[in-house]
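Structure, as structure tokens:
Below, each value reflects all heavy atoms present in this structure, side chains not excepted, and no hydrogens, waters or symmetry copies. As the structure is a computational prediction, the values presented were derived from the model and not from experiment. Along the sequence shown, residues carry numbers from 1.
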Amino acid sequence: MTPFRFIKEIRFFMKCITLCSILLLFLGCEAFLEADSPNDQIDQSDVFQDEAYATAAVTNLYSALRDGVLLTGKTNGLSVLFGLYADELDYYSSSGSAFEAFYNHQIMASNTNVKSIWDASYNLIFMCNSALEGLDSSQNLSPSVKNQLKGEALFVRTLVHFYLNNLFGEIPYITSTDYVQNQKVSKTELEKINQMAIQDLIEAKAFLNDTYPSTERIRANRSVVSALLARVYLYNEKWQEAELESSYIIDNTAIYNLGPSLNEVFLKSSKTTILQLKPKKAGDNTDEAVSFLFSSAPPPFIALNPDLVSSFLDNDSRKRDWIKEVTDGDQIWYAPFKYKQNQNTKASQEYSVVMRLSEQYLIRAEARTHLGNLIGAKQDLNMIRNRAGLEDTTASNSSDLIEAILTERKFEFFAEHGHRWFDLKRLNKAEEVLGPVKNNWKITHILMPIPETELLLNPNLAPQNAGY
């Protein structure tokens, strides 16, 4: 089902069902809802008049990210798909699959994974807009609760638009549940997308507090929004703004610190975590571990590219702690080993990390380099290098420092949410890096194709991205 057809049908559906059904729509309530739910059923019009139900509706936006949208650790998430698309992962499964098309750069507008990204993302955007409209019309919620929930819904909506924009280029930036309007929506110009994203995040940040609204870092606070703002500013080359937002988080040492141990980074209690997604069931761990880890050779699905592994320095602790060797006695393959638990452990040990402190140091290092503060940039870069057991960078000028930061991002964020692909894309390095190693690489592969079903249903989305 396409997202815009989905919007029409779901709007009618939501008028007719009880609150229990609505909460099922918002996915996996038990995983994020901490308050006890009332037993009585309430009409949809009253969902956002009740604090517990309103909180359930908004916190389950994160469940959607965890279970199937963009940042999911499952095989249809950015970590797997764009690890294959870039130079991080090799493919070992059946020939002719939609996953192999990513690895071989043979994606067509009919690719099922591309359609899944588009549909699931716009369905989640609809859920965000539905929540925002419900919160705006609510008369019973306290101002503090309403502001917190509005800030979270705005954050998730902007996060999804940010990824869609970087994957597809110009895309519709949807801010309402009006299905008549959304069925005919056109692409939003890139400059306007960036303006709307920044404005939404500034508004979200104003709604939120410095403290987390729950006992774990599974919902947005002000620093979570700053983390995304810093990234948006970086991608738009707004260096001073990127430095300010990343500093806001780095300087909050009472809550965030890098810590000395790489093996603690992906534990649920890590102080480097800015935002993480809690598993659906008690004792479960991450979908990332299920997707990436394998114990027998050859790999049944995917493995790290051996060239990536060999590019680590031997004394880089990330190679030892975050990469697992699997051998058949003759050959060695490598699995991402950031997440180490792929079975139920009675009490969950690892949550899926969405944002972490290392990125903020490297964002600030890059921003400071462009601002001419090379000393400060090297200090930030060395924080990440030193924790990995490496000596200070030898880069001495701006161009060398930018290359050193890109290299550090490669080693720090491999197999995480497509960071490597987005870095190659935004820094115009994709042709240089992927051209020699991807036989079917074309410069038009810098963008994904708009799903063909969407173009057929809504001609206003034309033209198709070049090359498809």
Side-chain angles (χ1 to χ4, degrees), residues 71 151 154-155 158-167 190-206 208 210 220-253 255-258 272-275 353-385 393 395 397-410 412-413 416-429:
L71 300 182
L154 277 170
F155 162 75
T158 310
L159 179 75
V160 177
H161 278 116
F162 168 79
Y163 280 112
L164 287 175
N165 173 214
N166 281 281
L167 291 172
L190 293 179
E191 183 176 354
K192 188 174 182 181
I193 290 174
N194 292 325
Q195 290 173 351
M196 295 174 74
I198 290 170
Q199 184 55 49
D200 278 351
L201 290 174
I202 290 173
E203 184 178 358
K205 190 175 178 180
L208 298 172
D210 289 324
N221 67 352
R222 196 170 290 165
S223 290
V224 169
V225 178
S226 279
L228 182 56
L229 253 178
R231 191 190 299 176
V232 172
Y233 283 137
L234 183 81
Y235 279 37
N236 285 275
E237 300 183 355
K238 295 181 179 293
W239 312 122
Q240 187 169 3
E241 293 90 341
E243 181 186 24
L244 287 171
E245 294 297 336
S246 56
S247 294
Y248 181 84
I249 302 164
I250 293 169
D251 293 344
N252 191 352
T253 56
I255 299 179
Y256 309 105
N257 64 79
L258 286 176
T272 73
T273 297
I274 300 171
L275 179 67
V353 177
V354 174
M355 296 173 172
R356 55 191 182 92
L357 189 59
S358 295
E359 183 188 3
Q360 299 307 308
Y361 273 102
L362 293 174
I363 285 175
R364 193 169 72 172
E366 191 172 336
R368 283 176 164 178
T369 301
H370 286 285
L371 291 169
N373 180 4
L374 301 190
I375 294 176
K378 287 193 282 188
Q379 288 174 342
D380 285 337
L381 176 58
N382 289 334
M383 289 289 292
I384 307 304
R385 289 179 58 84
T393 180
N397 57 58
S398 296
S399 59
D400 288 347
L401 195 49
I402 292 296
E403 286 296 324
I405 293 167
L406 176 61
T407 299
E408 206 60 38
R409 290 178 65 94
K410 171 184 173 181
E412 183 71 16
F413 301 122
E416 288 186 60
H417 306 313
H419 274 291
R420 173 65 172 168
W421 164 247
F422 293 125
D423 284 343
L424 295 177
K425 177 179 178 292
R426 71 183 176 85
L427 294 172
N428 299 314
K429 296 279 189 180

On a heavy-atom basis, which atom in Ala367 and which in Ala242 lie closest, and how many Å separate them? CB-CB, 4.2 Å
CD of Glu403 to OG1 of Thr393: how many Å apart, nearest 0.5 Å? 11.5 Å
Does some side-chain heavy atom of Tyr256 sit less than 4.5 Å from a side-chain heavy atom of Thr273? no
Heavy-atom count check: over 12 atoms from other residues, nucleotides or ligands less than 6.0 Å from Gln240 CD? no
Rounding to 0.5 Å, atoms CD1 (Ile274) and CD1 (Ile249) come to a distance of 4.5 Å
Apply salt bridge (Lys or Arg N to Asp or Glu O under 4.0 Å) to Glu416 and list each qualifying residue two or more places apart in sequence or on a separate chain. Lys338, Arg356
Closest non-hydrogen atom pair, Ala404 against Ala395: CB-CB, 4.3 Å
Got a second to check how far Lys238's NZ is from Leu244's CG, nearest 0.5 Å? 13.0 Å
Scanning both residues in full, the closest heavy-atom pair of Leu228 with Thr158 reads CD2-C, 4.4 Å
Please evaluate residues Tyr248 and Ser223 with respect to the criterion side-chain contact (heavy atoms from CB on, under 4.5 Å), reporting the C-alpha separation (whole Å), side-chain torsions for both, the decisive distance (0.1 Å), and the verdict. CA-CA 7 Å; Tyr248 181 84; Ser223 290; 3.8 Å; yes
Go through the steps for Val353 and Thr272 under the test side-chain contact (heavy atoms from CB on, under 4.5 Å), then give the verdict. CA-CA 10 Å; Val353 177; Thr272 73; over 6 Å; no
Which pairs count as salt bridge (charged side-chain N to carboxylate O under 4.0 Å, His left out) when at least one residue sits in residues 367-384, sequence neighbours excluded? Glu243-Arg368, Arg364-Asp380, Arg368-Asp380
Does Asn166 have any side-chain contact (heavy atoms from CB on, under 4.5 Å) partners at least two apart in sequence or in another chain, and if so, which? Phe162, Tyr235, Phe422, Lys425
Main-chain N/O of Met355 paired with His417 side-chain donor or acceptor, under 3.5 Å: no
Could you state the interatomic distance from CD1 (Ile198) to CG (Asn236), rounded to the nearest 0.5 Å? 5.5 Å
Closest non-hydrogen atom pair, Glu366 against Leu427: OE2-CD2, 3.9 Å
Under the side-chain contact (heavy atoms from CB on, under 4.5 Å) rule, what do Phe413 and Ser358 come out as? Steps first, then yes or no, please. CA-CA 9 Å; Phe413 301 122; Ser358 295; 4.2 Å; yes
What's the separation between atom OH in Tyr233 and atom CG in Asn194, rounded to the nearest 0.5 Å? 11.0 Å
Taking salt bridge (Lys or Arg N to Asp or Glu O under 4.0 Å) as the test, write out the residues that go with Asp200, two or more places apart. Arg157
Can you name the nearest heavy-atom pair linking Ile405 to Leu362, along with the distance? CG2-O, 4.0 Å
Between His419 and Glu359, is there a side-chain heavy-atom distance shorter than 4.5 Å? yes
Mind checking the CG-CE spacing from Leu258 to Met383? Nearest 0.5 Å is all I need. 5.0 Å
Residue list, salt bridge (Lys or Arg N to Asp or Glu O under 4.0 Å) with Arg420, at least two apart or on another chain: Asp87
I'd like to know if the side chain of Asn221 reaches the main chain of Val224, judged simply by a donor and an acceptor atom lying under 3.5 Å from each other, with no hydrogens or angles considered. yes
Quick check on side-chain hydrogen bond (donor to acceptor under 3.5 Å, both in side chains): which of Arg231, Gln360, Lys205 does Glu245 satisfy it with? Lys205
Considering all heavy atoms of both residues, which atom of Ile250 and which atom of Thr253 are nearest to each other, and what is their separation? O-CG2, 3.6 Å
Go through the steps to decide whether Glu237 and His370 satisfy the test side-chain contact (heavy atoms from CB on, under 4.5 Å), and finish with yes or no. CA-CA 9 Å; Glu237 300 183 355; His370 286 285; over 6 Å; no
Sorted by chain and number, sequence neighbours left out, salt bridge (Lys or Arg N to Asp or Glu O under 4.0 Å) with Glu241 holds for none
